[in-house]
Amino acid sequence: MFSVVLITGISGSGKSVALRLLEDSGYTCVDNLPVRFLADFIASARDDAMARVAVAIDVRSPGELAELPAAIATLRAVGTRIRVVFLDADTNTLVQRYSESRRRHPLTDRLQRSGKPASLLDCIRVERELLAPLRDQEHVIDTSELTPGQLRAWIRDLVQADRQAVVLTFESFAFKRGVPRDADLVFDARCLPNPYYDPVLRPLTGRDAPVAAYLDSFEAVRQLIDDISAFIRKWLPRYMEDTRSYLTVAIGCTGGQHRSVYIVEQLAQRFADHKPLLVRHRTQLPEEHA
């Protein structure tokens, strides 16, 4: 089946990493495509019997970005299977990445020519304003705390998921690093007993049997999992009726290593019958270092 992945988002959020992963996965990729050429490129790719194509469009692309939502809607109306992935990151992370790469923001020259302030913070602010209509189109991935390896894994999982049903994602995170920008529903597990204070359990994660046994011994932990599960069971059909394509349920604890990870793994087991189902852990767990 012919399918299209459209990568967009804030400069410095990882679009190049995502596009390279798609290229390595067999997609025909085009970066910085003008909006006005999107429909023609997709039509040409279909005529040439290409099965999978990926396109990156952002503020570097000539043309009116305001026209992109309508272009996407038109393509879907004629039966094109197109998945939109918006990559985002918080401003502090973007500033740090630009400092490390020493690259100029793509809006710098444009703002200078128009006589407007063109500091990095000004460029990021204007870019967010320009891309605001796109951010609400589809699936948002907040890359602020992700390594390139994690982002590649998340993109790989996402594009392999079946677009016909709501992609349900359970995601653990650390409140000390902030709530993920891609979360639709957020639940707080910091009220639960913390394995961190047990020296034996501290180096482990919520996926390790000793931590799981410790947390499962508390009625409050079991009750919170039951309550979250019941809430999702009740409201997931409504999200599906709303033609939503993605639902990300984020579970947070202080460090994102024990309680939130355990609850996410338990919820994933309870919703194993839902396809497609994705599991994400924002804190880099040991086996993710490979």
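Keep in mind it's a predicted model, so treat the numbers as computed, not measured.
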Taking atom CG of D31 and atom CD1 of I7, what is their separation to the nearest 0.5 Å? 10.5 Å
Pairwise side-chain contact, L158 with R83, heavy-atom cut-off 4.5 Å (strictly under): yes
Hey, does T91 have a side-chain heavy atom less than 4.5 Å from the side chain of L121? yes
Nearest-0.5 Å distance, CZ of residue R97 to CD1 of residue I10: 11.5 Å
About how many Å separate CD of E171 and CG of D142, when rounded to the nearest 0.5 Å? 8.0 Å
Test: R181 and D90 ion pair at under 4.0 Å: no
Stepwise salt bridge (charged side-chain N to carboxylate O under 4.0 Å, His left out) check, D24 with R152: CA-CA 11 Å; D24 291 343; R152 285 191 291 269; over 6 Å; no
Tell me the closest heavy-atom pair linking D273 and R270, and the distance in Å. OD1-O, 3.9 Å
Is there a donor-acceptor contact under 3.5 Å from the side chain of D198 to the main chain of V200? yes
Hey, are the side chains of L19 and C29 touching, using non-hydrogen atoms and a 4.5 Å cut-off? yes
Judged by atom type as modelled, is there a donor-acceptor pair below 3.5 Å linking the side chain of T74 to the main-chain atoms of A70? yes
Work out which heavy atom in V166 is nearest to a heavy atom in H274; give both atom names and the distance. O-NE2, 2.7 Å
Tell me whether the rings of Y246 and H139 are parallel (<30°), tilted (30 to 60°) or perpendicular (>60°). tilted
Before you tell me yes or no, could you show the steps for K15 and D58 under salt bridge (charged side-chain N to carboxylate O under 4.0 Å, His left out), namely the whole-Å CA-CA distance, both residues' side-chain angles and the distance that decides it to 0.1 Å? CA-CA 9 Å; K15 294 187 297 298; D58 52 38; 3.7 Å; yes
On the 0 to 90° scale, with breaks at 30° and 60°, tag the F231-W235 ring pair as parallel, tilted or perpendicular. tilted
Taking side chain as C-beta onward, heavy atoms only, is S229 less than 4.5 Å from L267? yes
Compare every heavy atom of K176 with every heavy atom of T254, then report the nearest pair and how far apart it is. O-CG, 3.3 Å
I would like to know whether L224 and F187 meet side-chain contact (heavy atoms from CB on, under 4.5 Å); could you show each step before the answer? CA-CA 9 Å; L224 182 58; F187 295 93; 5.7 Å; no
Within a strict 4.5 Å, meaning less than it, do heavy atoms of the V4 and R81 side chains meet? no
For a side-chain contact (heavy atoms from CB on, under 4.5 Å) check, start with the C-alpha distance between F170 and I263, then their side-chain angles and the critical distance, and finish with the verdict. CA-CA 9 Å; F170 291 113; I263 292 175; over 6 Å; no
Polar contact flag, side-chain donor to acceptor under 3.5 angstrom, H281-Q150: no
Please tell me if the side chains of V279 and V264 come closer than 4.5 Å, counting only heavy atoms from C-beta onward. yes
Does a side-chain heavy-atom distance below 4.5 Å link T143 with D88? no
Would a single hydrophobic cluster contain both Y262 and L185, if residues Ile, Leu, Val, Met, Phe, Trp and Tyr are joined by side-chain heavy-atom contacts under 4.5 Å? yes
Expected output: side-chain T80 to main-chain I82 donor-acceptor under 3.5 Å: no
For R202, does its backbone N or O pair with a side-chain atom of Q257 as donor and acceptor, under 3.5 Å? yes
If you look at every heavy atom in P195 and L215, which pair is closest and at what distance? CG-CD2, 3.9 Å
Separation of M50 CE from I42 CD1 (nearest 0.5 Å): 12.0 Å
Could you go step by step and tell me if D122 and I124 meet the side-chain contact (heavy atoms from CB on, under 4.5 Å) rule? CA-CA 6 Å; D122 291 321; I124 293 173; over 6 Å; no
Residue pair E100 / Q96, side-chain donor-acceptor N/O under 3.5 Å: yes
Within a radius of less than 6.0 Å around CZ of F175, do more than 12 heavy atoms belonging to other residues, nucleotides or ligands occur? yes
Residue pair A18 / L87: nearest heavy atoms and the distance that separates them: CB-CD1, 4.1 Å
Report yes or no: does K116 contribute a side-chain atom to a donor-acceptor pair with the main-chain N or O of R113 at less than 3.5 Å? no
Distance-only side-chain donor-acceptor flag, R103 / S11, under 3.5 Å: no
Would you kindly confirm whether L201 and Y196 end up in one hydrophobic cluster when ILVMFWY residues are joined by side chain heavy atoms under 4.5 Å apart? no
Electrostatic pair R222-E219, nearest N-O below 4.0 angstrom: yes
Does the pair L21 and L151 meet the rule for a side-chain contact (heavy atoms from CB on, under 4.5 Å), with working shown? CA-CA 9 Å; L21 179 278; L151 177 56; over 6 Å; no
F86 versus I141: any side-chain heavy-atom pair under 4.5 Å? no
State plainly whether the residues E145 and R282 are in salt-bridge range, i.e. N to O under 4.0 Å. no
Are V249 and V186 in one and the same hydrophobic cluster, where Ile, Leu, Val, Met, Phe, Trp and Tyr link if side-chain heavy atoms are under 4.5 Å apart? no
Please confirm whether R280 makes a cation-pi placement over F173, using NZ or CZ under 6.0 Å from the six-membered ring centre and within 45° of the ring normal. no
First locate atom NE2 of H258, then atom CG of L192, and finally report the distance between them rounded to the nearest 0.5 Å. 13.5 Å
Give the minimum heavy-atom separation between T248 and D182, together with the two atoms involved. CB-O, 3.5 Å
Does the cation-pi check pass for R52 over Y27, that is, NZ or CZ under 6.0 Å from the six-membered ring centre and within 45° of its axis? yes
